[in-house]
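What follows is one structure encoded as structure tokens, with my remarks underneath.
What you see is a predicted model; the values in this text were computed from it and never measured.
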Amino acid sequence: MSQSEKSSQITFAMQTFERIHPVEFQRRFLTQDTRLSGREFSQFRALHIVKGSISTAQGSATVRMGNTIMVCGIKAEVCEPDVKRPTHGYLTTNFELSPMCSARFRSGPPSEEAQVASEHIHRLITPSVDLTSLCIEENKVVWALSADIVCIKYDGNVLDAAIVALVAALENLKLPEVKVDPATGVVEAGAEEGVQLGIVRRLFPATFALVDDNYLVADADDAEEQMTSASLLV
């Protein structure tokens, strides 16, 4: 038997083992203080950010973290402010995990994982944004931003990728100059760029997962998440 045939048989055997016993396959690597990806326990995957990836959005970004790909697009419209917060605009977030990103998700209403992630994202981003910078005219008109975050490819740690994509899209946000006609109250948008969204602090998320109840790893991929019993977002 040639060396190439032996290598092919070994590769086939490993692939078969991984498919039939995925947990035990991962465990074999972890017990050797290594990960299947070759990363150290504290090592994060490479992060790539492209801003302005959606031409039809006021702000957008695409983030790739290993094989996890996330896209965020922000739409802006004018509306009346809340009577209790007459100088504050609005920022809403929506997070989507569709069958397009992984076969584990189904079409229809948002999954529990998507809903929990969306709540986490909104809770984290709200204190980081100065909503008063979205005020056009006090008590009359403000900007309302709607951020849609969509997972294109799922390979673990989507929360970190979603937060990075949202922050990058907010930094890319371009709002037109807006004036309110005092006689008619009509809002008119000019051709020039208006004020930018005020970002109070920039988020740099880092999620660690407890894998197999024994190994604390950074930026777990999908296979490692299947063995995760707890996670911590820093």
Side-chain angles (χ1 to χ4, degrees), residues 37 44-79 89-105 107 110-111 113-131 133-134 143-178 189-207 218-222 225 233:
S37 61
F44 288 79
R45 291 172 290 184
L47 183 66
H48 302 279
I49 303 173
V50 178
K51 296 181 181 179
S53 54
I54 305 175
S55 60
T56 55
Q58 273 72 45
S60 63
T62 299
V63 168
R64 179 164 190 152
M65 182 184 294
N67 288 325
T68 292
I69 303 176
M70 199 73 58
V71 175
C72 178
I74 300 176
K75 287 290 189 181
E77 59 182 14
V78 295
C79 66
Y90 302 92
L91 172 61
T92 59
T93 58
N94 177 59
F95 181 58
E96 182 180 340
L97 292 169
S98 70
M100 175 179 63
C101 71
S102 173
R104 63 189 288 188
F105 303 111
S107 58
S111 64
E113 183 176 350
Q115 293 182 54
V116 171
S118 187
E119 292 174 3
H120 278 308
I121 293 167
H122 186 73
R123 186 168 61 249
L124 288 169
I125 199 65
T126 299
S128 304
V129 175
D130 179 14
L131 294 179
S133 64
L134 296 175
W143 285 107
L145 305 180
S146 178
D148 290 311
I149 311 164
V150 180
C151 183
I152 303 299
K153 187 173 182 180
Y154 189 106
D155 190 27
N157 200 12
V158 293
L159 186 57
D160 281 10
I163 293 172
V164 172
L166 175 57
V167 172
L170 289 171
E171 292 175 341
N172 178 249
L173 182 67
K174 296 179 177 63
L175 296 173
E177 183 183 14
V178 174
E192 297 182 3
E193 188 175 311
V195 296
Q196 295 298 296
L197 175 66
I199 298 180
V200 179
R201 60 180 182 180
R202 283 170 172 76
L203 300 177
F204 300 94
T207 296
D219 183 21
D221 59 27
D222 187 25
E225 283 187 346
L233 172 62

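Considering every non-hydrogen atom in both Ala57 and Ile74, the closest pair reads CB-O, 3.6 Å. Listed here is the closest heavy atom pair of Thr93 and Ser118: O-OG, 3.6 Å. Across every non-hydrogen atom of Ala165 and Ala61, the tightest pair is O-CB, 3.7 Å. Residues Ala162 and Ile149 approach most closely at CB-CG2, 3.8 Å, considering heavy atoms. When every heavy atom of Leu134 is checked against every heavy atom of Gly89, the shortest pair comes out as CB-CA, 3.8 Å.
Proximity of a side-chain donor or acceptor of Gln58 to a complementary backbone N or O of Leu173 within less than 3.5 Å is not detected. With hydrogens and angles ignored, the 3.5 Å screen pairs a side-chain donor or acceptor of Ser60 with a backbone N or O of Ser53. In this structure, Thr126 contributes its side chain and His122 its backbone to a donor-acceptor pair below 3.5 Å. Between the Asp160 side chain and the Thr207 main chain, a donor and an acceptor come within less than 3.5 Å of each other. Judged purely by atom type and a 3.5 angstrom limit, Glu225 uses its side chain to pair as donor or acceptor with the backbone of Asn157.
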**OP:** Please assess Arg104 against Asp222 for the test side-chain contact (heavy atoms from CB on, under 4.5 Å), listing each intermediate value before the final yes or no.
**Re:** CA-CA 11 Å; Arg104 63 189 288 188; Asp222 187 25; 3.0 Å; yes
- [ ] Verify side-chain contact (heavy atoms from CB on, under 4.5 Å) between Met65 and Met70, making sure each step is shown before the conclusion.
- [x] CA-CA 8 Å; Met65 182 184 294; Met70 199 73 58; over 6 Å; no
Notebook entry, point to check: So Lys75 and Asp148, salt bridge (charged side-chain N to carboxylate O under 4.0 Å, His left out) or not? Walk me through it.
Noted result: CA-CA 8 Å; Lys75 287 290 189 181; Asp148 290 311; over 6 Å; no
Applying side-chain contact (heavy atoms from CB on, under 4.5 Å) to Arg201 and Ile199, what does each step give before you reach the verdict? CA-CA 6 Å; Arg201 60 180 182 180; Ile199 298 180; 5.9 Å; no
Does Arg45 form a salt bridge (charged side-chain N to carboxylate O under 4.0 Å, His left out) with Asp155? I'd like the steps, not just the answer. CA-CA 11 Å; Arg45 291 172 290 184; Asp155 190 27; 3.5 Å; yes
*Dump the intermediate steps for side-chain contact (heavy atoms from CB on, under 4.5 Å) on Ile125 and Leu91, then the final yes or no.*
CA-CA 9 Å; Ile125 199 65; Leu91 172 61; 4.2 Å; yes
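Taking OG of Ser146 as the reference point, atom CD of Glu77 lies at 7.5 Å (rounded to 0.5 Å). To the nearest 0.5 Å, the span separating CD1 on Ile152 from CZ on Arg64 amounts to 12.0 Å. Atom SG of Cys151 and atom CD1 of Ile69 lie 8.5 Å apart (nearest 0.5 Å). The line from NE2 of His48 to OG1 of Thr62 is 13.0 Å long, rounded to the nearest 0.5 Å. Rounded to the nearest 0.5 Å, atoms CG (Leu170) and OG (Ser128) are 9.5 Å apart. Here the CG atom belonging to Leu159 is positioned 9.5 Å from the CD atom belonging to Glu113, to the nearest 0.5 angstrom.
Side-chain contact between Thr68 and Val63 is absent, with no heavy-atom pair separated by less than 4.5 Å.
Qualifying ring pair (Phe, Tyr, Trp, His ring centres under 6.0 Å) partners for Tyr154, counting only residues two or more places apart in sequence or in other chains: Phe105.
For Lys51, the NZ atom is densely surrounded, since the number of other residues' heavy atoms within 6.0 Å is greater than 12.
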